[in-house]
Undergrad: 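Sharing a structure, written as structure tokens. Questions coming.
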Amino acid sequence: MPQANDAVAALLTEYAELHLMTGGDQFRARVYDRAARAIAGHPQDVTQLSPAALQQIPGVGQAIAGKIAEIGATGTFAALERLRADIPDGVLELTRIPALGPKRALLLYRELHVGSPAELRDAIEAGRLAGLRGFGSKSEEKLLRGIELLEAAAGRVQLNVADETAARVVEVVSAVPGCLRCAPAGSLRRFAETVGDVDVLAAADDSGPLMAALTGMPEAESVIAAGPAKTSVRTAAGLQVDLRVVPLDAWGAALQYFTGSQAHNVAVREIAVRKKLKLSEYGLFDAVSGEKIVSRTEEEVYRRLGMAWIPPALREHTGEVAAALRGGLPALITESDIRGDLHTHTDLTDGVATLAEMVARAQARGYAYYAITDHAPDLVMQRMTDEKMLAQRAQVRRLAATLAPAAGGREPMALLHGTELNIAPDGTVDWPAEFLSGFDVCVASVHSHFDQARPAMTRRLVAACENPHVNIIGHPLARRIGRRPPVDVDLPAVFRACARTGTALEVNAHPGRLDLPSAHIKAARDAGVRFAVDSDAHSVGSLDYLRYGVGTAQRGWLTPDDVINAWPLPRLREFLRKGR
DNA sequence: GCCGTTTTCGGCCCGACTGTTTTCAGTCG
């Protein structure tokens, strides 16, 4: 998805929020919100489209098309600027706090002049909320917890944002004459859950033109530091980007050093010390003579230390160094091992692309199979019915029959018709067994009652696993990174239930979820659990988010054998039968 | 503000929960 669309969508969403906050018509706000989602998921750069083409996008009419044109020309639109003048930035930031919406956020601002989450915390701690309509002691507690969550994520961005920024920097720097190599490093290369700043490494004899290219990027709003070895800028979105330039000869040692993690580097350097060597970002040296031994590639550096090359996703000092020393690194799953996506949506529920559009993109990704799993009726706002679901199934079957064989004479992509069920507080799901048996695959997820106490939540998830038609537990901890904490659940008990019943746990690849989190994946795998790495795509472009799920699976040490959608279709189908 | 085999106006996704109230507004999915 073009990055320009995200910027347009963000402005339209902001307008909807401010409009709602100031008591504007809720339906107009909803239309702007819907248009924003459709634009974010639109495959072409909307600022390049004609008014007529814009109005083909669902939810975009004459007025919003005009606003988009205005954004294309000026970077914003007048109606938004009028609202911004009324309400300071921080008030919108207040609504990012869970359980605090536009109405109460505005009340806080109007009554107490609270204009940011930090000011809200001060106000709560000073007892200034006492007596304010709509705020009791429970609210205060909940808000303080929410502010904590928000602050923990402050200054860090989701993987996709860091990834897109890094890709732009690499593109620009690589194009400079004299640039010999350029690649992202740091926590982005390790597929960390969030990224604090973007590290990009380049190799060149003369760093000057490369640094100038970075500071000259239109996205570079301010220059934090500018030297020959390292230059840092801050983007308009507030993200810090560090570019480091090294001689080509030091590429491997520098890439190893700047990829981290710090704990991994400390462990690797200790190995070097024991071998009477010294490892730095400039190379691996003889500790006594100071003579350089290797530095050109990461592989050489690790090999000279007696280790196989360690995939970046493993470099967290959680056993990877010991495994590498004894030759026991796992053959990690890679994106090319994934044969299909088992959790995706269409515009039948809250997706923004049609079935045909989603399937076409899945085919272009080279998948052997692809599942459509729209929401089930208990998520009331999606207005799903038996009839709509059965009609979609017929449509899927018809479409499947028309798919052309893939390149190389392979079978045409198989289409699986599925659904994403809602796990009710008691562990039951939307439909009875008879109706469920008509699906090829069922994902089941928690979408409500996130605050259940641990015993109830554990019973709930275990009961879902025990349902003979539930194949995959979707986003098992139901967390939203920086937005909503994970549910409280006895994970070992859930892992045992999954292994016993043949239910896979999802590694949801959406960069705002990454759930099951990598920290828990290894334990689940050791308990005998299988996994499904899914995009949970709601648009054509977000099918590509799958790579973040693969990175998360790698951080959990998973191999293709652990991941059901890396299996050939017959083996997958056998798993989905769940012994029935 | 968008949309239409309900098509140029009058609807628009809606039910449940929570914490606050004392009958309901706000928030969420």
Side-chain angles (χ1 to χ4, degrees), chain A residues 11-13 15-39 51 54-70 77 79-80 83 92 94-108 110-111 124 129-146 149 345 347-352 374-385 388 420-426 430 444-452 456 474-475 478-480 483-485 487 510 512-513 536 538:
Chain A
L11 292 175
L12 295 177
T13 305
Y15 179 79
E17 287 172 335
L18 291 175
H19 182 76
L20 210 55
M21 192 176 269
T22 50
D25 170 35
Q26 57 160 323
F27 295 112
R28 189 196 292 191
R30 192 182 293 171
V31 164
Y32 272 86
D33 217 38
R34 175 162 177 256
R37 290 200 309 122
I39 285 161
L54 279 174
Q55 289 180 52
Q56 293 300 306
I57 300 172
V60 178
Q62 209 172 9
I64 294 183
K67 304 280 196 299
I68 296 170
E70 211 180 325
F77 58 101
L80 173 62
L83 286 175
L92 206 50
L94 282 176
T95 65
R96 308 278 173 259
I97 300 170
L100 187 59
K103 288 281 156 43
R104 293 197 305 163
L106 192 61
L107 187 74
L108 285 170
R110 294 261 156 92
E111 298 292 320
I124 293 171
L129 264 61
L132 190 60
R133 223 184 69 245
F135 293 87
S137 61
K138 283 260 179 79
S139 289
E140 294 188 355
E141 253 175 63
K142 215 170 186 171
L143 291 174
L144 284 176
R145 278 209 309 276
L149 194 72
H345 297 271
D347 61 1
L348 182 63
T349 56
D350 57 351
V352 297
D374 272 312
H375 287 288
D378 289 356
L379 202 59
V380 185
M381 64 192 238
Q382 304 295 350
R383 296 202 309 173
M384 180 53 73
T385 62
K388 281 163 87 171
E420 182 182 13
L421 300 163
N422 305 288
I423 308 175
D426 64 358
D430 306 65
S445 315
V446 167
H447 288 126
S448 65
H449 302 83
F450 302 107
D451 292 335
Q452 271 185 322
H475 44 73
R479 69 161 178 178
R480 302 287 304 277
R483 297 279 180 91
R484 182 171 64 218
V487 296
H510 192 283
R513 290 193 183 271
D536 195 0
H538 285 67

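Below, chains carry the letters A, B, ... as their sequence lines are ordered, and counting in each starts from 1. For the numbers below, each heavy atom of this structure counts, side chains included, while hydrogens, waters and symmetry mates do not.
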Undergrad: Using whole Å, what does the distance between atom P of nucleotide B:dG1 and atom CD1 of A:Ile68 come to?
TA: 14 Å
Undergrad: Choosing from B:dG19, B:dC12, B:dC14, which nucleotide comes nearest the side chain of A:Phe27?
TA: B:dC12
Undergrad: Heavy atoms only: give me the nearest A:Ser139-A:Arg104 pair and the separation to one decimal.
TA: OG-NH1, 3.5 Å
Undergrad: Considering only the P atoms, how many Å lie between B:dA16 and B:dT5, rounded to the nearest integer?
TA: 31 Å
Undergrad: Of all the nucleotides listed (B:dG1, B:dT18, B:dT20), which has the minimum atom distance to the side chain of A:Lys138?
TA: B:dT20
Undergrad: Using atom C1' of each nucleotide, how far apart are B:dT22 and B:dT18 to the nearest Å?
TA: 16 Å
Undergrad: Under 4.0 angstrom, heavy atoms only, what part of the nucleic acid is A:Asp25 near: base, sugar-phosphate, or nothing?
TA: base
Undergrad: With sequence neighbours excluded, tell me which residues meet side-chain hydrogen bond (donor to acceptor under 3.5 Å, both in side chains) with A:Gln452.
TA: A:Arg460
Undergrad: Mind calculating the distance between CE (A:Met384) and C1' (B:dG15) to the nearest angstrom?
TA: 17 Å
Undergrad: Using the ring pair (Phe, Tyr, Trp, His ring centres under 6.0 Å) criterion, which residues pair with A:His538? Sequence neighbours excluded.
TA: A:His345
Undergrad: With a 4.5 Å heavy-atom cut-off, do A:His19 and A:Leu83 have their side chains touching?
TA: yes
Undergrad: Over all strands shown, is A:Gln62 touching base, sugar-phosphate only, or nothing at heavy-atom distances under 4.0 angstrom?
TA: sugar-phosphate
Undergrad: How many whole angstroms separate atom NE2 of A:His375 from atom C1' of B:dC13?
TA: 13 Å
Undergrad: Take the protein atom CZ of A:Phe135 and the nucleotide atom P of B:dT18, then report the distance between them rounded to whole Å.
TA: 18 Å
Undergrad: Any heavy-atom pair between the side chains of A:Asp33 and A:Glu17 that's under 4.5 Å?
TA: no
Undergrad: Rounding to the closest angstrom, what is the interatomic distance between B:dT8 and B:dC2 at atom C1'?
TA: 12 Å
Undergrad: Taking B:dT20 as the reference, what is the distance to B:dT27 when you measure between their C1' atoms (whole Å, please)?
TA: 13 Å
Undergrad: Taking A:Lys388 for the side chain and A:Thr349 for the main chain, is one N or O donor matched with an acceptor at less than 3.5 Å?
TA: no
Undergrad: For B:dT18, does either OP1 or OP2 sit under 4.0 Å from a side-chain N or O belonging to A:Ser139?
TA: no
Undergrad: Judged by each residue's nearest nucleotide on DNA chain B, which is more toward the 5′ side, A:Val60 or A:Asp451?
TA: A:Val60
Undergrad: Given atom CG of A:Leu348 and atom C1' of B:dC13, what is their separation to the nearest angstrom?
TA: 13 Å
Undergrad: Could you tell me which residues satisfy side-chain hydrogen bond (donor to acceptor under 3.5 Å, both in side chains) with A:Asp430, sequence neighbours excluded, listed by chain and number?
TA: A:Asn422
Undergrad: Along nucleotides 23-29 of chain B, 5' to 3', which nucleotides get a B, which get an S, and which get a -, given that the test is a protein heavy-atom distance under 4.0 Å?
TA: ---SSSB
Undergrad: Taking only residues two or more places apart in sequence, or in another chain, which ones meet A:Phe77 in a ring pair (Phe, Tyr, Trp, His ring centres under 6.0 Å)?
TA: A:Tyr15
Undergrad: Determine yes or no for a side-chain-to-main-chain donor-acceptor pair under 3.5 angstrom, with A:Arg513 supplying the side chain and A:His475 the backbone.
TA: no
Undergrad: When the P atoms of B:dT23 and B:dG11 are compared, how many Å lie between them, rounded to an integer?
TA: 30 Å
Undergrad: A:Arg484 side chain to A:Ala478 main-chain N or O, any donor-acceptor pair under 3.5 Å?
TA: yes
Undergrad: Detail all sub-3.5 Å separations between protein N/O atoms and N/O atoms belonging to nucleotides 4-7 of chain B.
TA:
none

Undergrad: Please report, rounded to the nearest Å, how far the P atom of B:dC14 is from the CZ atom of A:Arg383.
TA: 5 Å
Undergrad: Would you indicate, yes or no, if B:dC13 has its OP1 or OP2 atom less than 4.0 angstrom from a side-chain nitrogen or oxygen of A:Arg30?
TA: yes
Undergrad: Rounded to whole angstrom, note down the P distance from B:dC12 over to B:dT21.
TA: 32 Å
Undergrad: Measure from CD on A:Gln26 to C1' on B:dG11 and round the result to the nearest Å.
TA: 12 Å
Undergrad: I'd like to check A:Tyr32 versus A:Leu11 (side-chain heavy atoms, cut-off strictly below 4.5 Å). Are they in contact?
TA: no
Undergrad: Can you tell me the Watson-Crick or wobble partner of B:dT8, both distances under 3.5 angstrom?
TA: none
